[in-house]
Amino acid sequence: MTTAPLSAHGARRGFPVRPGRIITWTLLFLGGLVMVTPILFMLSTSLKDASQVYDLRLIPEAPSLDNYVTVLSDGRFLRWFINSLIVAVCVTLSNVFFDSLVGYTLAKFNFRGRYLVFIAILSTLMIPTEMLVIPWYLMASNFGWIDTYWGIMFPGMMTAFGTFLMKQFFETVPDEFLEAARVDGLNEFTIWWRVAMPLVTPALSALAIFTFLGNWTAFFWPLIVTNSRDLYTLPVGLSSFAVEQAIQWEMIMTGASLATIPTLIVFLLLQRYIVRGVMLAGLKG
Amino acid sequence: MANIALNGLVKKYGSTTAVHGIDLQVKDGEFVVLVGPSGCGKSTTLRMIAGLEDISGGTITIDGRVVNEAEPKDRNIAMVFQNYAIYPHMSVAQNIGFGLYTSKLPEHEKKKRIEETAKILGLEKLLDRRPSQLSGGQRQRVAIGRAMVRNPAAFLFDEPLSNLDAQLRTQMRLEIKKLHQRLGTTIVFVTHDQVEAMTMADRIVVMRDGHILQVGTPMELYENPQDIFTARFIGSPTMNLLPAHLAEKAGRTVAEIDGLEASVAVPADYAKAASGSEVFVGVRPHDLVVGAEAGEGSFALSGAVSVVEPLGPETLVHLDVGGTSIIASAPGKVIPQAGQRVTVHATPGSLYLFDKKTERALCRL
């Protein structure tokens with residue numbers, strides 16, 4: 001038996017450079033660049049003074065944290081930040097609870113009209129927000145919810161998208177898990193909470209991230225439903241920097257940079273659950 | 001421990017009937033195996049006993065109490081599933097203890113029970129592990145542990161071994177049987193594997209198309225199958241069936257094997273019970289021995305060897321007998337060659353006669 005020498009192909013195996021891969025990397029790099037550039041400019045502008053704002057150099061001539069000091073020492077920013085946090089956290093918790101409860105019910109219980117209910121919920125996805133704003137406003141006005149936290153939050157407390165997402169995930173949970181708990185004597189609510197919910201953690205994390213981001217950056221509805229500056233959310237408040245006197249880009253960018261911090265924290269906390277395949281470990285194989 | 005009684009149990013899915021009014025009595029402490037091919041209604045029956053399926057007719061009685069409307073948790077039974085159904089987000093101890101979730105026992109008592117159960121199942125060193133860190137056999141033991149910890153009146157097993165490899169399956173089979181001998185709890189076990197049924201059951205229930213065909217001890221079913229399906233389903237390799245017809249020969253009734261010179265005498269009373277003249281003569285491969293001496297009244301067949309399967313203690317010999325394929329056996333050291341012509345003999349009393357039309361057993365020959 002002879003030993004074949006290492007082929008040239010074999011020697012290069014550690015560094016496979018195929019044309020397809022070059023194209024993929026190039027496209028990914030360009031895509032990344034498109035995504036990252038505005039963020040870099042946002043950070044860069046936040047470190048410039050008003051006179052340098054239209055200087056498009058990425059690295060400021062004389063970087064300074066003065067803008068951050070100004071924004072943070074302005075009590076309004078902190079107030080808007082807390083308002084946004086209250087709204088985003090409450091709506092996220094509400095979505096995680098109600099969307100998954102309804103999704104679980106639609107996925108795991110057979111009842112008359114189940115399909116109809118699901119279609120009805122899905123059909124609301126086809127109505128644009130702009131069309132819903134007037135009924136929402138009338139409703140908020142009739143119930144006295146204008147210029148309240150509840151007024152900002154109520155349209156998003158439960159969403160068709162979240163219900164759909166959770167239903168799809170709950171359908172992948174094997175019935176045996178639930179039946180085993182049923183035989184063990186748990187009631188249906190406890191089965192959902194203690195057994196089914198931990199099995200869909202990746203979906204819950206995804207839903208929580210989407211909902212938090214959506215509400216943290218929401219502008220249109222909070223602008224309409226709030227009147228007093230004390231109830232502004234961060235995006236609404238930041239926009240007021242643009243209209244009060246002249247547009248203060250450096251302040252807007254500083255506020256926006258600070259506003260990304262919670263979203264980054266939420267993503268960093270939850271991202272590992274998204275990639276972790278929790279559920280299959282308890283099954284065969 | 002508990003008696004379980006099924007009376008006229010029916011399950012319908014729309015217009016399809018999955019279980020056709022079956023009757024079964026499971027005695028206290030008995031190990032009963034429901035066996036049959038896929039779709040025969042065995043798992044549906046088990047799920048109805050567990051309360052996981054509504055019943056369409058009849059009654060289920062556990063320990064003298066009709067439980068048709070009772071929730072699964074109110075039946076005092078525990079179930080082990082095919083896919084284990086142990087929770088991946090909980091440790092072994094939490095999984096076993098989950099069976100006590102609704103129990104009002106004090107915490108220290110629960111802990112003691114979990115430890116005792118883990119010890120019985122050899123899991124005491126794995127209590128802090130997650131299911132993903134366990135082998136298939138260990139996961140199955142955790143599932144059994146979760147069922148055991150509650151001290152239920154009866155265990156229901158739904159094909160619990162079918163996801164294990166052959167070696168582990170044999171081991172777990174033994175462990176479940178030992179567990180039953182130790183606990184003495186009533187067990188209803190569902191499987192499609194006749195070897196599992198034969199090796200574990202006190203009594204086997206053979207099901208087909210939603211009907212119970214026969215109930216009996218493993219040896220009763222093996223020795224006296226009441227129909228062709230049971231005869232072929234129980235025992236491995238499966239029973240040979242030779243098409244034959246009843247005829248009068250020299251004043252005696254005989255079953256003449258179609259296409260062959262062979263025939264076998266049939267008692268006149270049993271011949272009369274047949275619905276027509278067409279019958280099957282059945283013989284188990286282990287009763288059809290290559291190289292056996294021809295005794296008085298023995299049944300002989302000759303044919304060419306097509307395939308041999310040496311198993312060690314014995315060899316399975318596939319023969320072509322006048323165009324019909326049959327399986328015979330040979331002692332381990334006798335390994336015929338493919339193409340070789342051999343004669344096989346079966347002793348009197350080892351043949352079965354079945355009515356071709358009704359598929360019912362007529363007698364042993």
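Here is the naming used below: chain letters follow the sequence lines, and residue numbers restart at 1 for every chain.
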Quick one: sort the Tyr104(A) and Phe109(A) rings into parallel, tilted or perpendicular, breaks at 30° and 60°.
perpendicular
Tell me, please, whether Phe169(A) has Lys167(A) positioned over its six-membered ring: NZ or CZ under 6.0 Å from the ring centre and within 45 degrees of its axis?
no
At a heavy-atom separation under 4.5 Å, does Arg75(B) approach chain A through its side chain, its backbone, both, or neither?
neither
Side-chain donor-acceptor pair present, Asn215(A), Thr92(A), cut-off under 3.5 Å
no
What part of Leu156(B) gets within 4.5 angstrom of chain A, counting heavy atoms only: side chain, backbone, both, or neither?
neither
Option from Thr199(B), Thr191(B), Asp202(B) for which side-chain contact (heavy atoms from CB on, under 4.5 Å) with Val33(B) holds
Thr191(B)
Please look at Phe98(B) and chain A and tell me whether the side chain, the backbone, both or neither of the residue comes under 4.5 angstrom of a heavy atom of that chain.
both
